[in-house]
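Report on the following structure.
Note that these values count all heavy atoms, side chains included, but never hydrogens, waters or copies made by symmetry.
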Amino acid sequence: MSMNNAKIVKETKLIMNVTLIAGIVLLATGILFTQMDIHLISNNKALIALSLLPLSMALVYFLKLSSIKKSPHKMRSILIKENDERLVAIKNEADAKTFKVIQGALFLTYFGYTFIVPEDIFKGAGWWILIILLLASLFLPGMFRSAIGKADFNGDSEH
């Protein structure tokens with residue numbers, strides 16, 4: 001196994017373990033709160049439902065790890081796709097366009113919510129959550145670009 005493959009296996013194991021632990025904690029907390037009739041949130045079943053996401057992610061990473069270990073030669077093309085700079089750039093571009101679509105949907109949802117439920121303006125939690133998410137989606141990309149640009153500049157000046 002090459003050094004790059006070892007890095008991918010190590011990263012996959014880390015993600016798998018973190019998501020597995022998060023899923024188990026959410027599941028155990030939801031079951032425990034339900035059994036003990038503790039109402040930290042309005043519906044403890046929400047914790048159980050939330051545990052499905054990290055547990056599913058852990059399963060996906062476990063299957064990926066199993067495939068890598070079972071037949072690394074078959075996984076070679078997948079590993080190349082994940083690490084090829086051109087393919088990563090195409091994926092990043094697709095992710096950016098997807099983000100723009102979701103940002104537009106969030107914008108329309110905010111306006112729709114504001115016009116449909118005007119009594120919630122400045123009062124309802126849903127309205128505040130939508131405005132905060134919308135503003136974050138507008139400002140954070142620029143902040144991340146700036147931070148990444150500074151990190152790249154500092155990294156280049158050291159060499």
Side-chain angles (χ1 to χ4, degrees), residues 1-36 38-110 126 129-130 132-159:
M1 193 176 330
S2 71
M3 185 64 163
N4 202 19
N5 288 358
K7 178 185 168 199
I8 291 169
V9 168
K10 183 177 178 181
E11 182 179 297
T12 302
K13 282 182 181 179
L14 177 66
I15 293 170
M16 181 186 71
N17 288 331
V18 168
T19 55
L20 183 63
I21 290 168
I24 290 171
V25 167
L26 283 170
L27 182 62
T29 303
I31 292 171
L32 182 69
F33 283 6
T34 302
Q35 294 298 319
M36 298 183 81
I38 299 172
H39 293 286
L40 194 60
I41 60 174
S42 61
N43 189 351
N44 291 326
K45 290 181 183 176
L47 292 173
I48 296 170
L50 285 174
S51 73
L52 295 177
L53 183 62
L55 289 174
S56 298
M57 286 178 61
L59 177 64
V60 167
Y61 280 99
F62 173 75
L63 294 173
K64 178 181 177 181
L65 192 59
S66 297
S67 296
I68 290 172
K69 287 184 176 182
K70 189 184 300 180
S71 55
H73 57 283
K74 288 183 182 178
M75 289 299 293
R76 186 171 187 270
S77 65
I78 293 173
L79 296 176
I80 288 171
K81 287 178 187 175
E82 290 179 355
N83 295 305
D84 186 309
E85 289 179 18
R86 295 168 297 183
L87 297 175
V88 169
I90 291 169
K91 180 191 171 297
N92 288 342
E93 185 177 341
D95 288 347
K97 287 184 181 184
T98 302
F99 175 73
K100 285 295 186 189
V101 168
I102 292 173
Q103 189 179 41
L106 184 61
F107 183 75
L108 292 175
T109 304
Y110 166 72
I129 291 169
L130 282 172
I132 289 168
L133 287 173
L134 180 60
L135 292 174
S137 76
L138 294 172
F139 291 114
L140 286 177
M143 293 168 63
F144 285 140
R145 274 193 299 273
S146 174
I148 290 169
K150 286 179 184 175
D152 287 346
F153 179 75
N154 290 340
D156 290 343
S157 64
E158 291 176 1
H159 295 302

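- By the neighbour-count criterion of 12 heavy atoms within 6.0 Å, atom CZ of F62 is sparsely surrounded, having that number or fewer from other residues, nucleotides or ligands.
- Atom CZ of F33 is separated from atom CD1 of I48 by 11.0 Å, given to the nearest 0.5 angstrom.
- Taking each heavy atom of L134 and Q103 in turn, the nearest pair found is CD1-O, 4.4 Å.
- Going from atom CD1 of I21 over to atom CE of M16 covers 10.0 Å, rounded to the nearest 0.5 Å.
- How far NZ of K100 is from OG of S137: 8.0 Å, rounded to the nearest 0.5 Å.
- One N or O on the side chain of T98 and one on the backbone of A94 form a donor-acceptor pair closer than 3.5 Å.
- Atom OG1 in T12 sits 12.0 Å away from atom CG in L63 (nearest 0.5 Å).
- I24 places a side-chain heavy atom less than 4.5 Å from the side chain of L20.
- A pairwise comparison of heavy atoms in S51 and G23 identifies CB-O, 3.3 Å as the closest pair.
- Here I31 contributes atom CD1 and M36 contributes atom CE; the two are 13.5 Å apart, rounded to the nearest 0.5 Å.
- Side-chain contact between K64 and I68: present, with at least one pair of heavy atoms (C-beta onward) separated by less than 4.5 Å.
- The CG atom of L32 lies 10.5 Å from the CG atom of L47; values are rounded to the nearest 0.5 Å.
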